[in-house]
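So you know, we letter chains A, B, ... as the sequences are listed, proteins then strands, and number each from 1. All heavy atoms count here, side chains included; hydrogens, waters and symmetry mates do not.
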Amino acid sequence: MRNYWIYLLVMAGVTYLIRAVPFSLCKKEITNPTMKAFLAYIPYTVLAAMTFPAILYATSSLISGAVGCVLGLLLALQRKSLLTVAIASCVGVFVTEYIMHIIGVM
Amino acid sequence: MKQFVYGVKDGIPIALGYASVAFTFGLVTMEYGLSWWQATLISLTCLTSAGQFAGIGTMAAGGSLLEMAVSQLVINLRYGLMGVSLSQNVTKKVSGISRWILAYGITDEIFAVAISKTYKIGRGYLVGLYVLPVMGWTLGTMGGALLGSVLPQNISSALGVALYGMFIAVVVPPAKENRKILAVVGIAVGLSCIFKWTPMLKTISSGTAVIISAVIAAFVGAVWFPMEEEGGESQ
(Lines give C-alpha, C1' and ligand atoms only; values in the text may rest on other atoms or scores of the structure.)
Protein backbone atom coordinates (compact mmCIF):
# COMPACT_ATOMS: atom_id res chain seq x y z
CA MET A 1 0.00 0.00 0.00
CA ARG A 2 2.14 2.86 -1.25
CA ASN A 3 -0.16 5.66 -0.14
CA TYR A 4 -0.35 4.39 3.43
CA TRP A 5 1.46 7.32 5.05
CA ILE A 6 -0.47 10.04 3.27
CA TYR A 7 -3.78 8.28 3.95
CA LEU A 8 -2.80 7.92 7.61
CA LEU A 9 -1.84 11.58 7.82
CA VAL A 10 -5.20 12.73 6.43
CA MET A 11 -7.15 10.25 8.53
CA ALA A 12 -5.41 10.97 11.83
CA GLY A 13 -5.05 14.69 11.10
CA VAL A 14 -8.71 15.30 10.31
CA THR A 15 -9.83 13.17 13.26
CA TYR A 16 -7.50 15.02 15.63
CA LEU A 17 -8.51 18.48 14.44
CA ILE A 18 -12.21 17.69 14.86
CA ARG A 19 -11.49 16.85 18.49
CA ALA A 20 -8.96 19.55 19.24
CA VAL A 21 -10.36 22.68 17.64
CA PRO A 22 -13.77 22.73 19.36
CA PHE A 23 -12.36 21.47 22.69
CA SER A 24 -9.63 24.10 22.71
CA LEU A 25 -11.45 27.08 21.26
CA CYS A 26 -15.16 26.77 21.96
CA LYS A 27 -16.67 28.28 25.04
CA LYS A 28 -20.36 27.71 24.35
CA GLU A 29 -22.25 24.45 24.39
CA ILE A 30 -24.32 23.24 21.43
CA THR A 31 -27.92 22.91 22.59
CA ASN A 32 -29.75 22.88 19.26
CA PRO A 33 -31.66 19.56 19.34
CA THR A 34 -31.62 19.21 15.55
CA MET A 35 -27.84 19.54 15.44
CA LYS A 36 -27.46 17.15 18.37
CA ALA A 37 -29.72 14.61 16.67
CA PHE A 38 -27.80 14.91 13.40
CA LEU A 39 -24.51 14.21 15.16
CA ALA A 40 -26.01 11.32 17.11
CA TYR A 41 -27.46 9.67 13.99
CA ILE A 42 -24.44 10.07 11.73
CA PRO A 43 -22.37 7.09 12.97
CA TYR A 44 -25.30 4.74 12.43
CA THR A 45 -26.24 6.05 9.00
CA VAL A 46 -22.62 5.90 7.84
CA LEU A 47 -22.13 2.31 8.97
CA ALA A 48 -25.50 1.25 7.55
CA ALA A 49 -24.85 2.85 4.16
CA MET A 50 -21.38 1.28 4.05
CA THR A 51 -22.70 -2.19 4.85
CA PHE A 52 -25.63 -2.56 2.52
CA PRO A 53 -25.60 -3.42 -0.34
CA ALA A 54 -21.76 -3.63 -0.27
CA ILE A 55 -21.81 -6.79 1.88
CA LEU A 56 -23.48 -8.66 -0.99
CA TYR A 57 -20.48 -7.96 -3.22
CA ALA A 58 -17.76 -8.60 -0.61
CA THR A 59 -17.47 -12.34 -1.28
CA SER A 60 -17.11 -14.64 -4.29
CA SER A 61 -20.86 -14.89 -4.79
CA LEU A 62 -24.00 -12.86 -4.10
CA ILE A 63 -25.52 -15.89 -2.37
CA SER A 64 -22.73 -16.36 0.17
CA GLY A 65 -22.69 -12.60 0.82
CA ALA A 66 -26.42 -12.68 1.49
CA VAL A 67 -26.03 -15.64 3.86
CA GLY A 68 -23.30 -13.78 5.78
CA CYS A 69 -25.53 -10.71 5.96
CA VAL A 70 -28.60 -12.57 7.23
CA LEU A 71 -26.57 -14.53 9.80
CA GLY A 72 -25.03 -11.30 11.05
CA LEU A 73 -28.46 -9.67 11.33
CA LEU A 74 -29.92 -12.60 13.26
CA LEU A 75 -27.08 -12.64 15.80
CA ALA A 76 -26.98 -8.86 16.12
CA LEU A 77 -30.70 -8.88 16.91
CA GLN A 78 -29.81 -11.08 19.88
CA ARG A 79 -27.23 -8.48 20.98
CA LYS A 80 -24.24 -10.75 20.42
CA SER A 81 -20.79 -9.13 20.63
CA LEU A 82 -19.03 -7.61 17.62
CA LEU A 83 -16.56 -10.46 17.46
CA THR A 84 -19.29 -13.11 17.58
CA VAL A 85 -21.34 -11.46 14.85
CA ALA A 86 -18.30 -10.88 12.64
CA ILE A 87 -17.09 -14.46 12.99
CA ALA A 88 -20.59 -15.88 12.41
CA SER A 89 -20.88 -13.92 9.15
CA CYS A 90 -17.51 -15.24 8.01
CA VAL A 91 -18.37 -18.83 8.91
CA GLY A 92 -21.67 -18.44 7.04
CA VAL A 93 -19.82 -17.29 3.93
CA PHE A 94 -17.18 -19.99 4.23
CA VAL A 95 -19.69 -22.82 4.65
CA THR A 96 -21.97 -21.52 1.87
CA GLU A 97 -19.11 -21.27 -0.61
CA TYR A 98 -17.89 -24.71 0.40
CA ILE A 99 -21.34 -26.20 -0.27
CA MET A 100 -21.59 -24.35 -3.57
CA HIS A 101 -18.25 -25.84 -4.63
CA ILE A 102 -19.42 -29.34 -3.74
CA ILE A 103 -22.70 -29.12 -5.63
CA GLY A 104 -20.87 -27.48 -8.51
CA VAL A 105 -22.69 -24.16 -8.80
CA MET A 106 -19.50 -22.16 -8.24
CA MET B 1 -1.92 11.73 41.52
CA LYS B 2 -5.04 10.66 43.37
CA GLN B 3 -7.12 11.95 40.47
CA PHE B 4 -4.91 10.05 38.03
CA VAL B 5 -5.64 6.81 39.88
CA TYR B 6 -9.37 7.55 39.83
CA GLY B 7 -9.12 8.08 36.11
CA VAL B 8 -7.25 4.82 35.55
CA LYS B 9 -9.92 2.94 37.50
CA ASP B 10 -12.72 4.49 35.46
CA GLY B 11 -10.86 3.52 32.31
CA ILE B 12 -10.74 -0.22 33.05
CA PRO B 13 -14.19 -1.19 31.70
CA ILE B 14 -13.70 1.02 28.63
CA ALA B 15 -10.34 -0.61 27.94
CA LEU B 16 -11.82 -4.11 28.09
CA GLY B 17 -14.55 -3.20 25.63
CA TYR B 18 -12.07 -1.51 23.32
CA ALA B 19 -9.66 -4.44 23.35
CA SER B 20 -12.26 -6.85 22.00
CA VAL B 21 -13.52 -4.49 19.29
CA ALA B 22 -9.96 -3.54 18.33
CA PHE B 23 -9.00 -7.20 18.14
CA THR B 24 -11.70 -7.74 15.53
CA PHE B 25 -10.61 -4.59 13.70
CA GLY B 26 -7.04 -5.87 13.63
CA LEU B 27 -8.17 -9.23 12.31
CA VAL B 28 -10.10 -7.55 9.51
CA THR B 29 -7.29 -5.20 8.41
CA MET B 30 -5.35 -8.14 7.05
CA GLU B 31 -8.05 -8.64 4.45
CA TYR B 32 -7.44 -5.05 3.37
CA GLY B 33 -3.75 -5.62 2.71
CA LEU B 34 -2.45 -3.80 5.77
CA SER B 35 0.46 -5.17 7.80
CA TRP B 36 0.15 -5.52 11.57
CA TRP B 37 2.16 -2.40 12.39
CA GLN B 38 0.21 -0.32 9.87
CA ALA B 39 -3.06 -1.37 11.51
CA THR B 40 -1.65 -0.73 14.98
CA LEU B 41 -0.43 2.73 14.03
CA ILE B 42 -3.89 3.63 12.66
CA SER B 43 -5.48 2.66 15.97
CA LEU B 44 -2.90 4.58 18.02
CA THR B 45 -3.19 7.77 15.97
CA CYS B 46 -6.93 7.80 15.23
CA LEU B 47 -8.53 6.19 18.30
CA THR B 48 -11.95 5.95 16.68
CA SER B 49 -13.97 2.94 15.58
CA ALA B 50 -16.32 4.01 12.79
CA GLY B 51 -13.75 6.43 11.37
CA GLN B 52 -11.08 3.76 11.15
CA PHE B 53 -13.44 1.22 9.60
CA ALA B 54 -14.37 3.73 6.92
CA GLY B 55 -10.73 4.76 6.57
CA ILE B 56 -9.37 1.31 5.78
CA GLY B 57 -12.23 0.86 3.34
CA THR B 58 -11.22 4.05 1.54
CA MET B 59 -7.56 2.98 1.57
CA ALA B 60 -8.36 -0.44 0.12
CA ALA B 61 -10.60 1.06 -2.57
CA GLY B 62 -7.87 3.57 -3.48
CA GLY B 63 -10.24 6.45 -2.76
CA SER B 64 -9.10 10.05 -3.11
CA LEU B 65 -7.65 11.99 -0.19
CA LEU B 66 -10.60 14.37 -0.37
CA GLU B 67 -12.95 11.43 0.04
CA MET B 68 -10.89 10.28 3.02
CA ALA B 69 -10.94 13.74 4.62
CA VAL B 70 -14.67 14.28 4.08
CA SER B 71 -15.66 10.84 5.35
CA GLN B 72 -13.52 11.25 8.48
CA LEU B 73 -14.95 14.71 9.03
CA VAL B 74 -18.53 13.54 8.71
CA ILE B 75 -18.17 10.37 10.77
CA ASN B 76 -16.20 12.00 13.57
CA LEU B 77 -18.07 15.29 13.69
CA ARG B 78 -19.68 14.17 16.92
CA TYR B 79 -16.32 14.40 18.70
CA GLY B 80 -16.44 18.12 18.00
CA LEU B 81 -19.76 18.35 19.80
CA MET B 82 -18.38 16.29 22.67
CA GLY B 83 -15.31 18.49 22.82
CA VAL B 84 -17.47 21.58 23.17
CA SER B 85 -19.51 19.88 25.87
CA LEU B 86 -16.46 18.55 27.72
CA SER B 87 -14.81 21.97 27.63
CA GLN B 88 -17.50 23.11 30.08
CA ASN B 89 -16.66 20.35 32.52
CA VAL B 90 -12.89 20.75 33.06
CA THR B 91 -11.06 22.86 35.63
CA LYS B 92 -9.53 26.21 34.69
CA LYS B 93 -6.09 24.63 34.81
CA VAL B 94 -6.96 22.63 31.72
CA SER B 95 -6.20 25.37 29.27
CA GLY B 96 -3.92 26.29 26.38
CA ILE B 97 -1.57 23.52 25.34
CA SER B 98 -3.15 21.03 27.77
CA ARG B 99 -6.38 21.19 25.84
CA TRP B 100 -4.65 20.62 22.52
CA ILE B 101 -3.00 17.52 23.97
CA LEU B 102 -5.97 16.15 25.91
CA ALA B 103 -8.30 16.51 22.92
CA TYR B 104 -6.63 13.40 21.48
CA GLY B 105 -8.53 11.08 23.80
CA ILE B 106 -12.09 12.24 23.26
CA THR B 107 -14.14 9.18 22.26
CA ASP B 108 -17.78 8.24 22.81
CA GLU B 109 -17.14 6.17 25.93
CA ILE B 110 -14.44 8.38 27.44
CA PHE B 111 -16.66 11.38 26.92
CA ALA B 112 -19.59 9.59 28.53
CA VAL B 113 -17.55 8.84 31.66
CA ALA B 114 -15.85 12.25 31.82
CA ILE B 115 -19.09 14.19 31.43
CA SER B 116 -20.84 12.11 34.09
CA LYS B 117 -18.62 13.60 36.84
CA THR B 118 -20.50 16.10 38.94
CA TYR B 119 -17.31 18.05 39.69
CA LYS B 120 -14.94 19.76 37.26
CA ILE B 121 -12.24 17.33 36.18
CA GLY B 122 -8.53 18.07 35.81
CA ARG B 123 -5.58 16.97 33.73
CA GLY B 124 -4.57 14.15 36.06
CA TYR B 125 -7.97 12.52 35.90
CA LEU B 126 -8.22 12.78 32.13
CA VAL B 127 -4.74 11.39 31.51
CA GLY B 128 -5.53 8.51 33.87
CA LEU B 129 -8.82 7.91 32.12
CA TYR B 130 -7.10 7.75 28.70
CA VAL B 131 -4.22 5.39 29.55
CA LEU B 132 -5.91 1.99 29.62
CA PRO B 133 -8.46 2.55 26.79
CA VAL B 134 -5.67 3.76 24.46
CA MET B 135 -3.58 0.72 25.38
CA GLY B 136 -6.57 -1.60 24.97
CA TRP B 137 -7.44 -0.14 21.60
CA THR B 138 -3.87 -0.20 20.26
CA LEU B 139 -2.72 -3.53 21.66
CA GLY B 140 -6.05 -5.16 20.79
CA THR B 141 -5.54 -4.11 17.18
CA MET B 142 -2.00 -5.46 17.20
CA GLY B 143 -3.16 -8.80 18.60
CA GLY B 144 -5.91 -9.16 16.02
CA ALA B 145 -3.66 -8.17 13.14
CA LEU B 146 -0.90 -10.58 14.19
CA LEU B 147 -3.38 -13.44 14.45
CA GLY B 148 -4.95 -12.45 11.12
CA SER B 149 -1.60 -12.56 9.34
CA VAL B 150 -1.05 -16.24 10.18
CA LEU B 151 -4.53 -17.47 9.16
CA PRO B 152 -4.65 -19.74 6.10
CA GLN B 153 -5.74 -18.22 2.78
CA ASN B 154 -9.07 -20.03 2.33
CA ILE B 155 -10.21 -18.82 5.72
CA SER B 156 -9.00 -15.31 5.12
CA SER B 157 -11.12 -14.97 1.96
CA ALA B 158 -14.24 -15.47 4.07
CA LEU B 159 -13.03 -12.59 6.25
CA GLY B 160 -14.23 -10.23 3.53
CA VAL B 161 -17.53 -9.91 5.36
CA ALA B 162 -16.04 -9.59 8.86
CA LEU B 163 -15.96 -5.82 8.74
CA TYR B 164 -19.58 -5.71 7.63
CA GLY B 165 -20.48 -8.19 10.35
CA MET B 166 -19.02 -5.75 12.85
CA PHE B 167 -20.98 -2.88 11.39
CA ILE B 168 -24.17 -4.90 11.69
CA ALA B 169 -23.34 -5.67 15.31
CA VAL B 170 -22.87 -1.95 16.02
CA VAL B 171 -25.99 -0.71 14.22
CA VAL B 172 -28.65 -3.36 14.81
CA PRO B 173 -29.00 -3.45 18.64
CA PRO B 174 -29.62 0.33 19.04
CA ALA B 175 -31.88 0.30 15.96
CA LYS B 176 -33.90 -2.46 17.58
CA GLU B 177 -34.31 -0.40 20.76
CA ASN B 178 -34.83 3.01 19.20
CA ARG B 179 -37.25 3.53 16.33
CA LYS B 180 -35.67 6.85 15.38
CA ILE B 181 -32.35 5.14 14.79
CA LEU B 182 -34.16 2.36 12.92
CA ALA B 183 -35.74 4.95 10.65
CA VAL B 184 -32.50 6.80 9.81
CA VAL B 185 -30.70 3.50 9.25
CA GLY B 186 -33.49 2.42 6.89
CA ILE B 187 -33.24 5.65 4.92
CA ALA B 188 -29.45 5.34 4.71
CA VAL B 189 -29.62 1.77 3.42
CA GLY B 190 -32.35 2.70 0.93
CA LEU B 191 -30.31 5.57 -0.49
CA SER B 192 -27.19 3.42 -0.59
CA CYS B 193 -29.08 0.81 -2.65
CA ILE B 194 -30.35 3.51 -5.01
CA PHE B 195 -26.77 4.68 -5.59
CA LYS B 196 -25.59 1.14 -6.24
CA TRP B 197 -28.38 -0.02 -8.53
CA THR B 198 -29.51 3.06 -10.44
CA PRO B 199 -27.73 3.10 -13.81
CA MET B 200 -26.97 6.82 -13.87
CA LEU B 201 -25.74 6.98 -10.27
CA LYS B 202 -23.46 3.94 -10.58
CA THR B 203 -20.54 6.09 -11.70
CA ILE B 204 -20.33 7.85 -8.31
CA SER B 205 -17.59 6.28 -6.20
CA SER B 206 -18.78 4.11 -3.33
CA GLY B 207 -17.16 6.31 -0.68
CA THR B 208 -18.93 9.41 -1.97
CA ALA B 209 -22.22 7.54 -2.23
CA VAL B 210 -21.90 6.47 1.42
CA ILE B 211 -21.24 10.02 2.59
CA ILE B 212 -24.18 11.44 0.64
CA SER B 213 -26.54 8.66 1.78
CA ALA B 214 -25.48 8.99 5.42
CA VAL B 215 -25.68 12.78 5.56
CA ILE B 216 -29.12 12.91 3.91
CA ALA B 217 -30.47 10.16 6.20
CA ALA B 218 -29.12 11.78 9.38
CA PHE B 219 -30.34 15.20 8.25
CA VAL B 220 -33.85 13.96 7.48
CA GLY B 221 -33.88 12.15 10.84
CA ALA B 222 -32.65 15.22 12.70
CA VAL B 223 -35.37 17.40 11.16
CA TRP B 224 -38.14 14.83 11.71
CA PHE B 225 -37.14 13.74 15.17
CA PRO B 226 -34.70 16.01 16.93
CA MET B 227 -33.15 14.55 20.05
CA GLU B 228 -32.77 16.11 23.47
CA GLU B 229 -30.35 13.45 24.60
CA GLU B 230 -27.67 11.86 22.44
CA GLY B 231 -27.90 8.16 21.72
CA GLY B 232 -24.68 6.39 22.55
CA GLU B 233 -22.56 4.97 19.78
CA SER B 234 -20.56 1.96 20.68
CA GLN B 235 -16.92 2.09 19.85
Tell me whether R99(B) contacts the main-chain N or O of F23(A) through its side chain, where contact means a donor paired with an acceptor under 3.5 Å. yes
Find out whether V215(B) and F38(A) are in side-chain contact, i.e. whether some heavy atom of one side chain is under 4.5 Å from a heavy atom of the other. yes
Heavy-atom closest pair (L65(B) atom, I6(A) atom, distance to 0.1 Å) is CD1-CG1, 3.6 Å
Looking only at atom types and distance, does a side-chain atom of Y41(A) sit under 3.5 Å from a main-chain N or O of K180(B), one as donor and one as acceptor? no
Starting from the C-alpha separation in whole Å, work towards a yes-or-no answer on side-chain contact (heavy atoms from CB on, under 4.5 Å) for V74(B) and I42(A). CA-CA 7 Å; V74(B) 168; I42(A) 269 289; 3.7 Å; yes
Value for CD1 (I211(B)) from OG1 (T45(A)), rounded to nearest 0.5 Å, stands at 11.0 Å
Report yes or no: does K176(B) contribute a side-chain atom to a donor-acceptor pair with the main-chain N or O of L77(A) at less than 3.5 Å? yes
CG (L27(B)) and SG (C90(A)) are apart, to the nearest 0.5 Å, by 8.0 Å
Does any heavy atom of chain A fall under 4.5 Å from the side chain of E67(B), the backbone, both, or neither of them? neither
Please flag which part of Y98(A) lies under 4.5 Å from any non-hydrogen atom of chain B: side chain, backbone, both or neither. neither
For R19(A) and Y104(B), the nearest pair of non-hydrogen atoms, with its separation, is NH1-O, 3.4 Å
For the residue pair P173(B) and A76(A), what are the closest heavy atoms and their distance? CG-O, 3.6 Å
Region of L74(A) in contact with chain B, defined by heavy-atom distances below 4.5 Å: neither
Under 3.5 Å, sequence neighbours excluded: what are the donor-acceptor pairs made by side chains of residues 181-194 of chain B?
from, atom 1, to, atom 2, distance (Å)
S192(B), OG, A49(A), O, 3.0
S192(B), OG, F52(A), O, 2.6

Please find the pair of heavy atoms, one from I101(B) and one from Y16(A), that lie closest to each other, and give the distance. N-OH, 4.4 Å
So do Y44(A) and N178(B) actually touch side chain to side chain, heavy atoms under 4.5 Å? no
Turns out that what part of W224(B) lies under 4.5 Å from chain A's heavy atoms comes down to neither
Given side chains that start at C-beta, do those of R78(B) and K36(A) come closer than 4.5 Å, heavy atoms only? no
To the nearest 0.5 Å, tell me how far I168(B) CD1 sits from C69(A) SG. 4.5 Å
Tell me which of these, G63(B), G51(B), S20(B), G57(B), has more heavy-atom pairs under 4.5 Å with chain A than the rest. G63(B)
Calculate, to the nearest 0.5 Å, the distance between atoms CG and CG belonging to L8(A) and L34(B) respectively. 10.0 Å
Partner chain A: residue of S98(B), S213(B), G221(B) with the largest heavy-atom pair count (under 4.5 Å): G221(B)
Got a donor-acceptor contact below 3.5 angstrom from the Y4(A) side chain to the Q38(B) backbone? yes
side-chain contact (heavy atoms from CB on, under 4.5 Å) for Y79(B) and L17(A)? Distances and angles first, verdict last. CA-CA 10 Å; Y79(B) 295 140; L17(A) 287 176; over 6 Å; no
Using the side-chain contact (heavy atoms from CB on, under 4.5 Å) rule, take T34(A) and F219(B) through it: C-alpha gap first, then chi angles, then the decisive distance, then the call. CA-CA 8 Å; T34(A) 308; F219(B) 181 77; 5.8 Å; no
Which bit of A54(B) is near chain A, if near means a heavy-atom gap under 4.5 Å: side chain, backbone, both or neither? both
Look at atom CG of L73(B) and say whether more than 12 heavy atoms of other residues, nucleotides or ligands are closer to it than 6.0 Å. yes
What's the shortest heavy-atom distance between A86(A) and T24(B), and which atoms? CB-CG2, 3.9 Å
Interface residue of largest heavy-atom contact number with chain B, from V46(A), T51(A), L71(A), V21(A), under 4.5 Å: T51(A)
Could you tell me whether the side chain of N76(B) reaches within less than 4.5 Å of the side chain of V14(A), counting heavy atoms only? no
Spatial distance of atom CG (N3(A)) from atom OG1 (T58(B)) [nearest 0.5 Å]: 12.5 Å
Tell me, side chain or backbone of V28(B) under 4.5 Å from chain A's heavy atoms, or both, or neither? neither
Kindly indicate whether the side chain of V10(A), heavy atoms from C-beta on, has any atom under 4.5 Å from the side chain of Q72(B). no
Minimum heavy-atom distance between A58(A) and V161(B), given as atom pair plus value: CB-CG1, 4.2 Å
